[in-house]
Trainee: 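Sharing a structure, written as C-alpha cells. Questions coming.
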There are 2 protein chains.
Amino acid sequence: MSPPLHISISEQLRRQIAAGDYQPGDKLPSEHQLMDMFDVSRITVRQAIANLVSQGLAIAYRGKGVFVTPRKKVAYSLSSPLVFLEQDMARQGIDFGFENLTLEPVAAPEPVAAALAIAPGAEVYLQKKLFRMDGAAGAVDVSYLIADLGKRLADILTQQMTFPTLAENDIPIDQVDAVIECTHADYAMGGYLEVPLGHPLMVYRYTALSTNQQPVLYGETISRADRFCYSLSTQA
Amino acid sequence: MSPPLHISISEQLRRQIAAGDYQPGDKLPSEHQLMDMFDVSRITVRQAIANLVSQGLAIAYRGKGVFVTPRKKVAYSLSSPLVFLEQDMARQGIDFGFENLTLEPVAAPEPVAAALAIAPGAEVYLQKKLFRMDGAAGAVDVSYLIADLGKRLADILTQQMTFPTLAENDIPIDQVDAVIECTHADYAMGGYLEVPLGHPLMVYRYTALSTNQQPVLYGETISRADRFCYSLSTQA
DNA sequence: CGCGGTAACTTGTTATGACAAGTTACTTTA
DNA sequence: TAAAGTAACTTGTCATAACAAGTTACCGCG
C-alpha cells in the first residue's frame, strides 16, 4: 500500500516547495545530500527529481544543481489579439523583447497552403521570432504571411510585431481563428527555448483573416508552459 | 559530439512513429526486445522510452507494454461556452459521457470566495464531474456554485451539465472570464484521470458572470493535454 | 464447458558501481 | 595582478543485477 520511495521523496520535496521552504529559484539539495538525507540510492533520488521536473516544479542544470522553477506566469490575452504584446507584458512587470530569427520567402508547405487557401508550393514569407521575457527565451513564433504582404512589409517586420504592422499598414484583421494545445519540446525546440527535452510547451496556432474572409497570416506561437498562460473573456 | 544513446534510440523511434511505422495505439517493442535491437542495457532503453513518454508520444502500461498515444484530440470551443459539450463531442465522432462525483455544500475556500465575491467560509456548492471520452476518463471539472442556486438546482445538476442547466432555469450567463494554462498530474489527479504522475494536463479556469456582473459559478476543467485542445474565434 | 491456477511476459522499483561532462572556486604561475 | 590550471562538486550517461507487480494466455481440473 505504501507508495514507491521516489514518490514519497518527490512528494515531500513538493510539499516543502509549496510551503515555501524552497523559494522559486532556490537550489535544492544535491543528489548526494538527498541520498544521505533519505538513505536511498542515487537512482531513487534521480527518479524523485525527475518527478519534480516532469511536474514542472524544478529544472536541473548539469554541473550546477536542481533549482525550483520561477513560478510567475505571464498571461497573454486572447480577447483582442491585436493589442501590442509588449504592452501586455509591461503591464505585468515583465521586461519584454524579441529578436527576428528569419524573414524570407519560401514555398508554402501543405498545411500552410491549406490554411492560407493558396496552392501548395506557392510563395509565402516565413517569419521566425524569438520572444524574451526578462532576458530568458520564453516563446518562439513561426508564421507564414501571404507573399505580396511579405514583400511589401519585409523591412518593417524585422523590427516590429506582425499584428501591429498589419494594422498600421491598412490591412484590417477581421477575425482570428485559433487553437490552443499542449505539446512537448523536441531536441530542436529545446535548443531554441533553452529547455530540456520534453519540457511542456503551449501552442497557439492561428489563422488571421482580413476582409472578405481572406486569410493573410497563419502561424504558431510556441511558448514555455511554465512561463505563459492565456486569458480570455467571452460575452454572450 | 554524438548525442547520448538514449536520445539516438528515442529519436529513431520518434521518426518511425512520425513515419507511420508505428500507428497510434500500436504497441512498441518490449524493453527486452529493444535491448536486443539496439544492444544496450535496460537502463538506456527505459530512458529512451521515458523520453517518448515525456514528449507525449507514448504511454506505458505496467504488465501490458508501451503504446503509441492515440493522437486525435478533441477540440472544445471557447467562443460560446454555453453550447452543449455533448453536441460538441458528438460532432467530432466522440462517444461522450459524464458521471457526477460530488455535489454538496461546503465552506468556500479563499480563492473561490474571491472569485465569487463572497465572504471566505460562506456556503457554496462544490461540484465534481468526471468526463469520459470513448469510455476513457478525459477530464475532471471541479466547480463552485453560489449557495442559493446550488440548493435550487441540486437535483438537476447531478444529471445534467451545469451551463445548460443554468440556461434552462432562467439564469443568464452574460460573460465568462477564463484562463488556460498547462500543469501536470500529481498523484491524486493521476488517479482520477487514469494517467501516470507528471502527465501533461490543461486547466481551463473560469468565472461565469450573470446579469449585473454577478459571479455565479467558478471552477476548473482539468483535462488530459493529449486528448483535448481548445479552439476559439475572435472577431474584431 | 467453465472455472481456477500457473507460467510467461510485461513494466516498475531499487541497489551498486563507474566514468563523462559542465560549473565553480581556489591555487599556482607568469 | 591577471591568467592558467586544477581540484572539488555538480548532474548526465550507462552497465549489471534482482525482485515486485500487473497482464495475458494457456492448461488442467472439476
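Computed from a predicted model, the values in this text were never measured in an experiment. A, B, ... follow the sequence lines: proteins, then strands. Residue 1 opens every chain. No hydrogens, no waters, no symmetry mates; every other heavy atom, side chains included, goes into these values.
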Trainee: Output the rounded distance in Å from CD (B:Glu31) to C1' (C:dC9).
Mentor: 12 Å

Trainee: Rounded to whole angstrom units, what separation is found between the CD1 atom of A:Ile43 and the C1' atom of C:dA18?
Mentor: 13 Å

Trainee: Between B:His32 and C:dT10, is there a contact of a side-chain N or O with OP1 or OP2 at under 4.0 Å?
Mentor: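 Indeed not, no polar side-chain atom of B:His32 lies that close.
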
Trainee: Please state how far atom CZ in B:Arg62 lies from atom P in D:dT23, giving the value in whole angstrom units.
Mentor: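 Roughly 9 Å, once rounded to whole Å.
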
Trainee: Give the minimum heavy-atom separation between A:Ala185 and B:Gln55, together with the two atoms involved.
Mentor: O-CG, 4.0 Å

Trainee: Tell me whether the OP1 or OP2 atom of C:dT16 has a side-chain N or O from A:Ser41 closer than 4.0 Å.
Mentor: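 A:Ser41 to C:dT16 OP1/OP2: no side-chain N or O under 4.0 Å.
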
Trainee: Kindly assign one of parallel, tilted or perpendicular to the pair B:Tyr206 and B:Phe163, based on the angle between their ring planes and the thresholds 30° and 60°.
Mentor: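 Geometry flag for B:Phe163 against B:Tyr206: tilted rings.
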
Trainee: Return the value, rounded to whole Å, for the distance between atom NZ of A:Lys27 and atom P of D:dT10.
Mentor: 6 Å

Trainee: I need the CG-P distance between B:Leu5 and C:dA20, as an integer number of Å.
Mentor: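 Interatomic distance, CG of B:Leu5 to P of C:dA20: 14 Å.
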
Trainee: Would you kindly give the CE-to-C1' distance between A:Met35 and D:dC9, to the nearest whole Å?
Mentor: 14 Å

Trainee: Looking at every non-hydrogen atom in both residues, tell me the closest pair between A:Leu201 and A:His184 and how far apart they are.
Mentor: CD1-C, 4.0 Å

Trainee: For A:Val45 and for A:Lys64, find the nucleotide of DNA chain C with the closest heavy atom, then tell me which residue's nucleotide is more 5'.
Mentor: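 It is A:Val45, whose closest nucleotide lies nearer the 5' terminus.
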
Trainee: Suppose we call a contact any N or O donor and acceptor under 3.5 Å apart; does that hold for the side chain of B:Arg42 and the base of C:dG12?
Mentor: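 A donor-acceptor contact between them is present.
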
Trainee: Rounded off to whole Å, could you give me the CZ-to-P distance for the B:Phe67 and D:dT24 pair?
Mentor: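 Answer to the nearest Å: 8 Å.
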
Trainee: Do you know the tightest heavy-atom contact between B:Gln23 and B:Val68?
Mentor: O-CB, 3.5 Å

Trainee: Atom CZ of A:Arg46 and atom C1' of C:dA20: how far apart are they, to the nearest Å?
Mentor: 12 Å

Trainee: If you check every side-chain atom of B:Val40, which of C:dA15, D:dA15, C:dG12 has the closest atom?
Mentor: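 The answer is D:dA15.
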
Trainee: Does the side chain of B:Thr44 get closer than 4.0 angstrom to OP1 or OP2 of D:dT13 through an N or O atom?
Mentor: no

Trainee: Check each of A:Val45, A:Ile43, A:Asp39, A:Val40 against A:Leu5 using the side-chain contact (heavy atoms from CB on, under 4.5 Å) test, and report the only one that passes.
Mentor: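 Of the listed options, the one satisfying the test is A:Val40.
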
